[in-house]
A.B. asks: 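The structure is given below, and queries will be raised subsequently.
Numbers restart at 1 for each chain; the letters A, B, ... are given by sequence-line order, proteins then strands. Values reported hereafter were calculated over all heavy atoms of this structure, with side chains retained and with hydrogens, waters and symmetry mates removed.
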Number of protein chains: 2
Amino acid sequence: MEVTGHTRGPASIRDVAAAAGVSYQTVSRVINAHPSVRPATRERVLAAVEELGFRRSATALALARGRSRTVTVLTADTTHYGYASILRGVEEAARAAAYSVGVGVLESADEATVAAEVRRAADVGGGLVVIAYDPAGVRALEAVPAGLPVVGVVETPASPPADDRPWVWTDDREAAYRATRHLLSLGHETVHYVAIPSDTRPASARIAGRRQALTEADAPQPPPVQGGWGPAGGYAAGLKLAGDPSVTAILCGNDDLALGVLRALHEAGRPVPGEVSVAGFDDAPHSAYLTPSLTTVRLDFTGLGRAAFALLHGALEESAPITPHPVSAPELVVRETSGRPGPTDGG
Amino acid sequence: MEVTGHTRGPASIRDVAAAAGVSYQTVSRVINAHPSVRPATRERVLAAVEELGFRRSATALALARGRSRTVTVLTADTTHYGYASILRGVEEAARAAAYSVGVGVLESADEATVAAEVRRAADVGGGLVVIAYDPAGVRALEAVPAGLPVVGVVETPASPPADDRPWVWTDDREAAYRATRHLLSLGHETVHYVAIPSDTRPASARIAGRRQALTEADAPQPPPVQGGWGPAGGYAAGLKLAGDPSVTAILCGNDDLALGVLRALHEAGRPVPGEVSVAGFDDAPHSAYLTPSLTTVRLDFTGLGRAAFALLHGALEESAPITPHPVSAPELVVRETSGRPGPTDGG
DNA sequence: ACCGCGGGTGTGACCGGTCACCTCCATGCG
DNA sequence: CGCATGGAGGTGACCGGTCACACCCGCGGT
């Protein structure tokens, strides 16, 4: 009725300008809260905005400004609890800052594929959060071209990151240290370790934390067992360890691994925590409800995601001073899978 | 050396054109594989593309074409296994089609918040996949403005969806039917049900499937117990059911719920499957490794995600005929939590 | 009365692509 | 030989915003 000649599709600032009887630039000023617009004019423009249901196109904004209010999270798996939590943290912070978040899954760790994925993510503009706990993620982080804002979510690094390529991490060295000490304090001679893939690096923070605890206690240092990411890998590793009667305490790189280990111990007839104690990392939601419930170290993945976004936000805009690391410290959660070692010579 | 005056930042088609000694339009033609470009010219352009590291800007493309090769997944939780798998399926299919995928988390089911989230997602253009298993998702699906391409991921609907607003689903009616029949066939008198929030609707497909199985077997029909989404809710529901000695079989709306129920039964001293049988939905990765391992119905969430994308892709472009539902049928996976009912009158 | 100044607006170019349309030239055919 | 045809390529406008700049006007100072 009152709308006569405006174009099909969503209204643009030109449409709004026409409706309000001003120039498109004035509309732009109103949208951006520029001070020098007369109140009466502002009112008219806002009324037109309301009436036409105008929404400023994110695409056009990105093109004109050169950056895109978008962060893309590159991850090897959306399904894994830790990764999914990081994604949630990023999304949460991004939403609060009116950013959009994209996801790219690194299907394989193959160099070319990863590089292609990084390029794709770069095409949309904005920043990148790379979850670099695993080989695919590490590759991706390396493949990010210079000049593209990126934050890596990594294990506790040995040396601080370069300024132009910040990292974010939880103190998993400390986490491993505490979990190991907890198990030792119960009376176990040593603590075996089932590793997630990233822990194969000799510099792995978790391995270092465990080593420190073992060293301080003058305990033997059995080499880590490779477990992969999921329960299946933990199960396989668990079967190996279950066969060795000297094994009484097992620390696992994550809760899923621990679950597999628990199953393997069960099948091998080694009661938990009667004979063997088990602890995990992450405190996934189901860990508290397992039978027996899982002793684990809670890691603040959501906070990690938020921190990653904050850093990126700081790099993309000249606001929000780069908040260092408002990530909660790891917290040991003692549950039923850890206890004093029982007599193992009996069976 | 050879590059003299081209602009800072990523190269544009104008830069490439200058380097190759052609017009920007020719570059555009080469990029888009337009036939009428002489091979020699094409070669020159491609060489320039290579040399300058040209990548076509997704933003500019979106602006010029009017649509943005992006799909945004709206979900209430990135952490939940089923949701995360759907996201992965969407991402997988999207990547194959050179689309980007965004995520929006519906933090609350509050109408205004959800509407705002939908608008935000709409701002980036492209299509929407809304995971509408829960109240927040259902609200979001309703709040999507007409004209915006959207696909809902829903429970088996009572009536087929409208053409312009397609849905995608697994046959969870059949899934519930099969799981219930399985439990009945073991000799249980009836099957109790711990529901996920969406199942409160009287028209819920899962509830209908279970009802049908119970009806066919002339079994009593105890009302569903509300469980929520996570293990905590399952635990609470499980405690209630555990107190009733007549309860010998419990079907749960998802594996996390089942986990909580198992824990509650354990604490109540009711052995599984000795006294009570339990089954879940989803077949989450850890379910096979629980002790006892969980009988469940595997649902093809990833396929669901891929199907959702395919539908959206069909709506966004005039290609890829709308493949109806290449989603795998639910598959009953019988494990250790289900067995014949034992003597319950003893304790 | 003249100038400078600053608030309130409008105009043109630009971001990096695409699309519609035009030109130029080498053919083929009547 | 003249002309329609189609391949190869170029030009201008446009998508929906932003930015740099010019304009107009009222005001205060001299």
A.B. asks: CZ of B:R14 versus C1' of D:dG9: gap in Å, rounded?
C.D. replies: 16 Å
A.B. asks: Please enumerate all residues that pass ring-ring contact (aromatic ring centres under 6.0 Å, His included) together with A:F309, with sequence neighbours excluded.
C.D. replies: A:Y99, A:H313
A.B. asks: Indicate, with a heavy-atom threshold strictly under 4.0 Å, whether A:I13 touches base, sugar-phosphate, or nothing.
C.D. replies: base
A.B. asks: Spell out, as yes or no, whether a donor-acceptor pair under 3.5 Å connects the side chain of B:T79 to the backbone of A:R88.
C.D. replies: no
A.B. asks: Check whether any side-chain N or O of A:N32 sits under 3.5 Å from a backbone N or O of A:R29 as a donor-acceptor pair, and report yes or no.
C.D. replies: no
A.B. asks: Rounded to the nearest 0.5 Å, how far does CD of B:E317 lie from CZ of B:R69?
C.D. replies: 5.0 Å
A.B. asks: Of the residues in residues 62-72 of chain B, which ones touch DNA chain D at a heavy-atom distance under 4.0 Å?
C.D. replies: B:L63, B:A64
A.B. asks: Regarding B:D15 and B:Y24, is there a side-chain donor-to-acceptor distance under 3.5 Å anywhere?
C.D. replies: no
A.B. asks: Which residue lies toward the 5' end of DNA chain D, A:F54 or B:Y24, if each is placed at its nearest nucleotide?
C.D. replies: B:Y24
A.B. asks: Quick check against the 3.5 Å criterion: does B:T41 have a side-chain atom that pairs as donor or acceptor with the backbone of B:V37?
C.D. replies: no
A.B. asks: Give a yes or no on whether the backbone of A:T78 and the side-chain of A:T75 come within a donor-acceptor separation of less than 3.5 Å.
C.D. replies: no
A.B. asks: Can a side-chain donor-acceptor contact be found between B:D77 and B:Y133 if the only test is distance below 3.5 angstrom?
C.D. replies: no
A.B. asks: Report yes if at least one side-chain N or O of A:S28 is closer than 4.0 Å to OP1 or OP2 of D:dT18; otherwise report no.
C.D. replies: yes
A.B. asks: Scan nucleotides 4-9 of chain C nucleotide by nucleotide, 5' to 3', and note B when protein non-hydrogen atoms come under 4.0 Å of the base, S if they reach only the sugar-phosphate, - if neither.
C.D. replies: ---SSB
A.B. asks: Please report the distance, rounded to the nearest Å, between CD in B:Q25 and P in D:dG9.
C.D. replies: 12 Å
A.B. asks: Tell me: CG of B:L61 to P of D:dG16, nearest whole Å?
C.D. replies: 15 Å
A.B. asks: Please report, rounded to the nearest Å, how far the C1' atom of C:dT18 is from the CD1 atom of B:I31.
C.D. replies: 11 Å
